[in-house]
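A short write-up of the structure that comes next.
Note that the coordinates shown come from a computational prediction; the quantities given were computed from them, not determined experimentally.
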Amino acid sequence: MSDPLKALFLFTFLASTPIAWVAVYGYKADPATWAIINSYGFAIGATGLYLYPFFSPFGKYEDGFISRLHAATLNWIVWLTVFTQIMFQIPHNMMVETLDASKGSMMEWPFYAYGFADSRWSTYRHNGIDVGLAPEVWLINWNDSILGVLVLAAMIYCKREKQSISSTIILVLTVVFRDATLWRETVEYLWDHHRKGYPHTVQDEAYRAHGVILLYLVNFLWLIAPILSCVWAYFQLLTAMNNHIRSEVKAR
C-alpha cells in the first residue's frame with residue numbers, strides 16, 4: 001500500500017500554484033495575498049514530501065529507517081529538485097525577455113510569488129534598459145538546472161541497468177556532488193540575505209514577515225536533505241554491492 005501522506009503533500013506541492021491561478025485570474029482575488037498563500041502551500045507541500053516517510057504510520061517501510069530514508073530521498077530527487085530545476089529554473093533563465101514582457105501573467109506568476117521572499121527572482125530589467133536576471137540568480141539557475149538534468153539522466157540510466165553496481169555508483173556520485181553544490185549554494189544564499197538585513201525581501205510591512213519566513217521555508221530542505229543524501233548514498237552502494245556478490249555466487 002502506498003503512503004496516503006505522499007498523495008496529500010504531492011497534491012499540496014503541485015496544486016498550490018494552479019489554485020492561486022484560479023483565485024487570482026479566475027476570481028480576481030488579491031494577487032499579493034494569494035502569492036503568500038501559494039508560497040506557503042508550495043513550501044509546506046515540499047517539506048511534507050521530504051519529511052513524511054520518516055514519521056508516517058502508513059505505507060510499507062520493511063527496512064525501517066533505510067526504507068524511509070530512500071522514500072524521502074527519492075521525493076527529494078524527483079519532485080523537490082529535478083522537477084523544480086527543469087520546470088522553473090531553466091525557463092527562468094531562457095525566457096527572461098518573455099517574462100519581463102508578461103509581468104502579471106499566469107506564466108510569470110511563480111516568479112512573482114517567490115519575489116516576495118527575494119525580489120531578484122521577479123526583476124528582469126536592469127538600469128531601465130537591459131533585460132536580464134541578476135548575475136547571481138542567473139548562475140544559480142544554470143548550476144542547479146544543469147546538475148538536475150545530469151541527475152535525471154543518471155536515474156534513467158540506473159533504472160535501465162536495473163540498479164547494477166556501476167550504474168548505482170554513477171547515480172550516487174552524481175546526486176552527492178549535486179547536493180554538495182546545492183548545500184554550499186544555499187548556505188551562502190541565506191547568509192547573504194541575513195547579513196544584509198533581507199534587502200531583497202518585500203518591504204511592505206503587511207507581507208515582509210511572511211517573505212522572510214518563506215525565504216527559509218522554501219530553502220529549508222536544501223540545508224537538510226543534502227546531508228542525509230550522503231547517508232542514502234552509503235546504503236545504496238552497500239545494497240548494490242551485496243546484490244552483486246549474491247549474483248556472482250549464484251553464477252558459480
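- Other residues, nucleotides and ligands place more than 12 heavy atoms under 6.0 Å from the CE atom of Met106.
- Listed for the Arg208 side chain is a donor-acceptor partner under 3.5 Å among the backbone atoms of Thr201.
- Each ring-ring contact (aromatic ring centres under 6.0 Å, His included) pair with one or both residues in residues 148-183, not counting sequence neighbours, would appear here, but there are none.
- Taking 4.5 Å as the limit, every side-chain heavy atom of Val151 sits out of range of all side-chain heavy atoms of Thr81.
- Pairs engaging residues 86-104 under the salt bridge (Lys or Arg N to Asp or Glu O under 4.0 Å) rule: Asp100-Arg125, Lys103-Glu108 [sequence neighbours left out].
- Between Phe116 and Tyr112, the two ring planes are perpendicular [angle over 60°; tilted spans 30° to 60°].
- A perpendicular orientation is assigned to the rings of Tyr189 and His193, their planes being inclined by more than 60° (bins at 30° and 60°).
- Annotation: the span from Thr73 atom OG1 to Leu80 atom CG amounts to 10.5 Å, rounded to 0.5 Å.
- In the hydrophobic clustering of ILVMFWY residues, with side-chain heavy atoms under 4.5 Å counting as a link, Ile146 and Val149 come out together.
- Transitive grouping of hydrophobic side chains (ILVMFWY, heavy atoms separated by less than 4.5 Å) brings Ile156 and Ile77 into a common cluster.
- Not a single donor-acceptor pair under 3.5 Å links the side chain of Ser119 to the backbone N or O of Gly115.
- Shown here are the salt bridge (charged side-chain N to carboxylate O under 4.0 Å, His left out) partners of Glu161, two or more places apart in sequence or in another chain: there are none.
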Would you mind writing out the side-chain donor-acceptor pairs for residues 6-16 within the sub-3.5 Å range, not counting sequence neighbours?
unit_1 : atom_1 : unit_2 : atom_2 : d
Thr12  : OG1    : Leu8   : O      : 2.9
Ser16  : OG     : Thr12  : O      : 3.4
Ser16  : OG     : Phe13  : O      : 3.4
Ser16  : OG     : Asn38  : ND2    : 3.3

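- Inter-residue side-chain proximity for His70 and Phe235 is flagged as unmet; no heavy-atom pair is nearer than 4.5 Å.
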- Task: Give the C-alpha distance, both sets of side-chain angles, the deciding distance and a yes or no for side-chain contact (heavy atoms from CB on, under 4.5 Å) between Gln85 and Leu147.
- Result: CA-CA 9 Å; Gln85 289 159 350; Leu147 289 175; 5.7 Å; no
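- Legend: residues meeting ring-ring contact (aromatic ring centres under 6.0 Å, His included) with Tyr124, ordered by chain and number and at least two apart, are absent.
- Distance CD1/Ile169 to OG1/Thr174: 11.0 Å, rounded to 0.5 Å.
- At a threshold of 4.5 Å between non-hydrogen side-chain atoms, the residues Asn143 and Glu185 count as touching.
- Put simply, CH2 on Trp138 and NE2 on His92 are 13.5 Å apart, with the number rounded to the nearest 0.5 Å.
- With values rounded to the nearest 0.5 angstrom, Phe88 atom CZ is found 5.5 Å from Phe83 atom CZ.
- Linking ILVMFWY residues whenever their side-chain heavy atoms come closer than 4.5 Å, directly or via other members, places Ile66 and Met241 in the same cluster.
- The CG atom of Leu150 lies 10.0 Å from the CZ atom of Arg178; values are rounded to the nearest 0.5 Å.
- Smallest separation of non-hydrogen atoms from Ser105 and Tyr25: O-OH, 3.0 Å.
- Taking CG of Asp192 as the reference point, atom NE2 of His200 lies at 6.5 Å (rounded to 0.5 Å).
- Residues that satisfy the salt bridge (charged side-chain N to carboxylate O under 4.0 Å, His left out) test with Lys162, not counting sequence neighbours, are absent from this structure.
- More than 12 heavy atoms of other shown residues, nucleotides or ligands fall within 6.0 angstrom of atom CD in Gln203.
- Residues Ile86 and Pro91 approach most closely at O-CD, 3.3 Å, considering heavy atoms.
- Under the 4.5 Å side-chain criterion, counting only non-hydrogen atoms from C-beta, Trp232 is not in contact with Val176.
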Quiz: residues 44-55 side-chain donor-acceptor pairs under 3.5 angstrom, not counting sequence neighbours:
unit_1 : atom_1 : unit_2 : atom_2 : d
Thr47  : OG1    : Ala43  : O      : 2.9
Tyr52  : OH     : Asn75  : ND2    : 3.4

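- With hydrophobic clusters built from ILVMFWY side chains whose heavy atoms lie under 4.5 angstrom apart, Val231 shares a cluster with Leu182.
- Looking only at side-chain heavy atoms (C-beta outward), Asn141 and Trp121 come within less than 4.5 Å of each other.
- Partners of Asp118 under the salt bridge (charged side-chain N to carboxylate O under 4.0 Å, His left out) rule, at least two apart in sequence or in another chain, are Arg120.
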- Message: Quick one, Arg246 with Asn242, criterion side-chain contact (heavy atoms from CB on, under 4.5 Å). Give me CA distance, side-chain angles, the key distance, then yes/no.
- Response: CA-CA 6 Å; Arg246 287 193 196 99; Asn242 288 337; 4.0 Å; yes
Please report, to 0.1 Å, the donor-acceptor pairs under 3.5 Å made by any side chain of residues 209-229, with sequence neighbours excluded.
unit_1 : atom_1 : unit_2 : atom_2 : d
His210 : ND1    : Tyr40  : OH     : 2.8
Tyr216 : OH     : Tyr198 : OH     : 2.6
Asn219 : ND2    : Tyr114 : OH     : 3.2
Asn219 : ND2    : Leu215 : O      : 2.6
Ser229 : OG     : Asp179 : OD2    : 2.8
Ser229 : OG     : Pro226 : O      : 2.7

- Query: Would Leu171 and Gln163 count as a side-chain contact (heavy atoms from CB on, under 4.5 Å) if you check the C-alpha gap in whole Å, the side-chain angles of each, and the deciding distance to 0.1 Å?
  - Reply: CA-CA 9 Å; Leu171 175 61; Gln163 296 182 312; over 6 Å; no
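- Checked against side-chain hydrogen bond (donor to acceptor under 3.5 Å, both in side chains), Glu188 has the following partners two or more places apart in sequence or in another chain: Arg184.
- The closest side-chain heavy-atom distance from Thr33 to Tyr207 is below 4.5 Å.
- Residues that satisfy the ring-ring contact (aromatic ring centres under 6.0 Å, His included) test with Tyr234, not counting sequence neighbours, are absent from this structure.
- Taking the salt bridge (charged side-chain N to carboxylate O under 4.0 Å, His left out) definition, one finds that Arg160 meets it with nothing, sequence neighbours left out.
- Taken together through direct or relayed side-chain contacts under 4.5 Å among Ile, Leu, Val, Met, Phe, Trp and Tyr, Met94 and Trp109 form parts of separate hydrophobic clusters.
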